[in-house]
There are 2 protein chains.
Amino acid sequence: MEDTTIIQRVAPELLPILELRYKILRELLFDQPLGRRALASKLQLGERIIRRELERLREGGLVEVGPDGVRLRSTPIIAELGQLVHQLRGLRHLEEGLARELGLRRVVIVPGDLDEDPMVKKDLARATSVYLDKVLKDEDVLAVTGGTTLAEVARSLPLFSSKRRVIVVPARGGLGEEVELQANTVAAVFARQLGGSYRLFHLPDDLPEEAMHTISNEPKVRQIMALLRRADYVLHGIGTAEEMARRRGLGPWQMELIRKRQGVGEAFGYYFDRQGRIVYSTSSTGLRLEDLQGIGEVIAVGGGKSKAEAALAVLSSKYQHVCITDEGAARVMWSLIEGDKRISYTEGR
Amino acid sequence: MEDTTIIQRVAPELLPILELRYKILRELLFDQPLGRRALASKLQLGERIIRRELERLREGGLVEVGPDGVRLRSTPIIAELGQLVHQLRGLRHLEEGLARELGLRRVVIVPGDLDEDPMVKKDLARATSVYLDKVLKDEDVLAVTGGTTLAEVARSLPLFSSKRRVIVVPARGGLGEEVELQANTVAAVFARQLGGSYRLFHLPDDLPEEAMHTISNEPKVRQIMALLRRADYVLHGIGTAEEMARRRGLGPWQMELIRKRQGVGEAFGYYFDRQGRIVYSTSSTGLRLEDLQGIGEVIAVGGGKSKAEAALAVLSSKYQHVCITDEGAARVMWSLIEGDKRISYTEGR
DNA sequence: ATCCACCGGGACGTCTTGTGTCCCGCATGC
DNA sequence: GCATGCGGGACACAAGACGTCCCGGTGGAT
């Protein structure tokens, strides 16, 4: 295991420290001597912060301080520090790049590839719980879908630092899958692990539209729908169009249509092409896509190279705010984005 | 340059953090689950400290916390962390080992070997100024000898974080060397750099004993001697017996006597063998060896493989409290100590 | 020679974080 | 049922971080 990997796991707080000092040293590489007010201004940092950091850099023999400002004492180490920072940042670059390209608030990437290592699902789950632990507050409403990833997330919730009195609601109805993977069950496990409460949704997710209309007038259903629409957080898995079409029991002509229209990703019964455009939809009970616009934060979770295209499709729909994925999927997404840019550039010439 | 070397220079504060976390994880390797009060007790640390560290280790996925205590989640990383800590400690082990073996309060080692790289003298000087910066207070009295190393130290004093109103006194008289290397000059440069004051010692260091007696009754000389005897710190260089005998102008029969008696190191006109026993002495003006016993802290500075034996001789005399040296000298000192131990062991059987 | 701009160092008040210590409810073993 | 150890919560106090301002020094421009 690389030293940088150990440090990332054991003392991740080193990175911001090194980043800051590298920033200062690099600035001095371009222009020296500089005073700390000038450095503070250039780097948009507090004067006191710069003073503290310069003190430490001086103690380490990297700079010397004179009446006219600060000078470097050792320049070769700066490039090597830059490389170290880059290594420690590791997936941080990719996280930030994808967040920027996809217009997301946050991307969290765990090492590995779910396609190659099933244990990565546990890491995805752990990262999701850590994230939720940071954002969830008492009395928040959390809507969750089903599926294997979210079931694993639910099992990981003991990682929470403290009980949280949230209301957990299934974001969709049952899909005829194993009871353990249904949104109802996931919601119940979530709630129990968090010390909160939950509401159940005793409906299938694939009713005919007429029945859907009739049932949506039921008071209980309206109540759950109202709760769902004001959820603070929605947590949902990412599926490929093909996989989800099969799970929803779509017929061959429907699947052919989706394929023909190049649908690759699915969420909430909607099928998206690579650009995030809806190419097909099935009615579904529970939250609909347009309901997501009123949600505080929509978190998509999923990993594995094979799901990268689906993830990109779903995320390009601009309904999500946060994505938690693995390195395998992230790298493929990045390549696809880069490829898209090259095509756009070629088309523009 | 190794990553660990970069970290040592740019963010040395990482080491105590990793050491602490390694300590906790290693304890759990032996015995788990453990509660934080038990860990606090075993490791002699505050309960709140342990709680904070466990929180971070939990966030990093290294441990999991249950109602019955803390368990490890990932054991292979612990051995690797141990190796990383060992690497980061670098010369710290040698510093602590030598301090222990020589009964010193502190040993400071800078990388490199003065015999191979003259720049190491600058590093020795820098380390000495950093050390003095930490210990010197206003109104302290500092006695300094001469020589090239201390002249370099004097030039390095701008590294001090703030002016210090200390009184600097030459610890000995002139030796007929270049004026720049004389204790008087070194003292003056020290004082000027520190913003303090200094006293001069207008005497040669190698007067005949009768003249020494006569002059020691002079009021001015008595005054300086009184000041020297109550010095808070003495800073002196380390010389080989041969080199110093030559500088002091000793005759061939005297040098032969020192050699015959296996004198290898010299300080304050005293010549020591490997065990720190005095094998010869010349009268000298200024501080005498026995005066050192009343000094708060005696700091010896010197480096280079070729001086290791001399350093060991001087330090074995038990007059010093702190030693600042380089890695070249330190490693040879360590080997000599280990060799002494083997000889003692063999002789004991 | 004077003025101005920038420098480092000093310092103070406020805010944030760290730490020691204690307590509560839970779980387990006897 | 009791004792012991657990994690989590919380509070008071201590320590450190930070923002902000000021002073004297330095050097360049006029």
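Atoms considered below: every heavy atom in the structure, side chains included; atoms not considered: hydrogens, waters and symmetry mates. Below, chains carry the letters A, B, ... as their sequence lines are ordered, and counting in each starts from 1.
For the pair Q44(B) CD and dG20(C) P, the interatomic distance rounds to 12 Å; values are reported in whole Å. The distance from atom CD of Q32(A) to atom C1' of dC7(C) is 16 Å, rounded to the nearest whole Å. dT19(C) atom C1' lies 16 Å from atom CD of E55(B), rounded to whole Å. Atom P of nucleotide dC6(C) and atom NZ of K42(A) are separated by 12 Å, given to the nearest angstrom. Remark: P of dG9(D) and CZ of R48(B) are 11 Å apart, rounded to the nearest angstrom. A straight line from CD1 of I50(A) to C1' of dC7(C) spans 15 Å, rounded to a whole angstrom. Between the CD1 atom of I49(B) and the C1' atom of dT17(C) there is a distance of 12 Å, given to the nearest Å. What separates CG of D31(B) from P of dG5(D) is a distance of 13 Å, to the nearest Å.
Around NE2 of H86(A), the count of heavy atoms belonging to other residues, nucleotides or ligands within 6.0 Å does not exceed 12.
With a 4.5 Å cut-off on side-chain heavy atoms, R92(A) and E19(A) count as touching.
Of all non-hydrogen atoms in E297(B) and H321(B), the two that sit nearest each other are CA-ND1, 3.3 Å. Here the shortest heavy-atom pairing between A171(B) and T145(B) reads CB-CG2, 3.9 Å. Across all non-hydrogen atoms, the minimal contact from P33(A) to D68(A) is CG-OD2, 3.6 Å.
Using a 4.0 Å heavy-atom cutoff across all strands shown, L34(A) reaches sugar-phosphate atoms only and no base atom. Among the atoms of the strands shown, none is found under 4.0 Å from any heavy atom of R71(B).
Residue E53(B) is tested with R48(B), K23(B), R21(B) for a side-chain hydrogen bond (donor to acceptor under 3.5 Å, both in side chains); the sole match is R21(B).
Checking side-chain atoms of R73(A) against main-chain N and O of G61(A) turns up a donor-acceptor pair under 3.5 Å.
The side chain of R51(A) approaches dC21(D) more closely than any other nucleotide in the set dT19(C), dG19(D), dC21(D).
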Any chance you could list the contact pattern along nucleotides 22-30 of chain D? Use B for base contacts, S for sugar-phosphate-only contacts and - for none, protein heavy atoms under 4.0 Å, 5' to 3'. B--------
Any chance you could lay out the side-chain contact (heavy atoms from CB on, under 4.5 Å) test for Y22(B) and V10(A), step after step, and finish with the verdict? CA-CA 9 Å; Y22(B) 175 60; V10(A) 181; over 6 Å; no
Can you list the steps and then say if Y131(A) with I324(A) is a side-chain contact (heavy atoms from CB on, under 4.5 Å)? CA-CA 9 Å; Y131(A) 183 83; I324(A) 302 176; 4.1 Å; yes
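The stretch residues 9-30 of chain B has no heavy atom under 4.0 Å from DNA chain C, so no residue of it qualifies as close.
Phosphate proximity of dG8(D) to R52(B): absent, as no side-chain N or O sits under 4.0 Å from OP1 or OP2.
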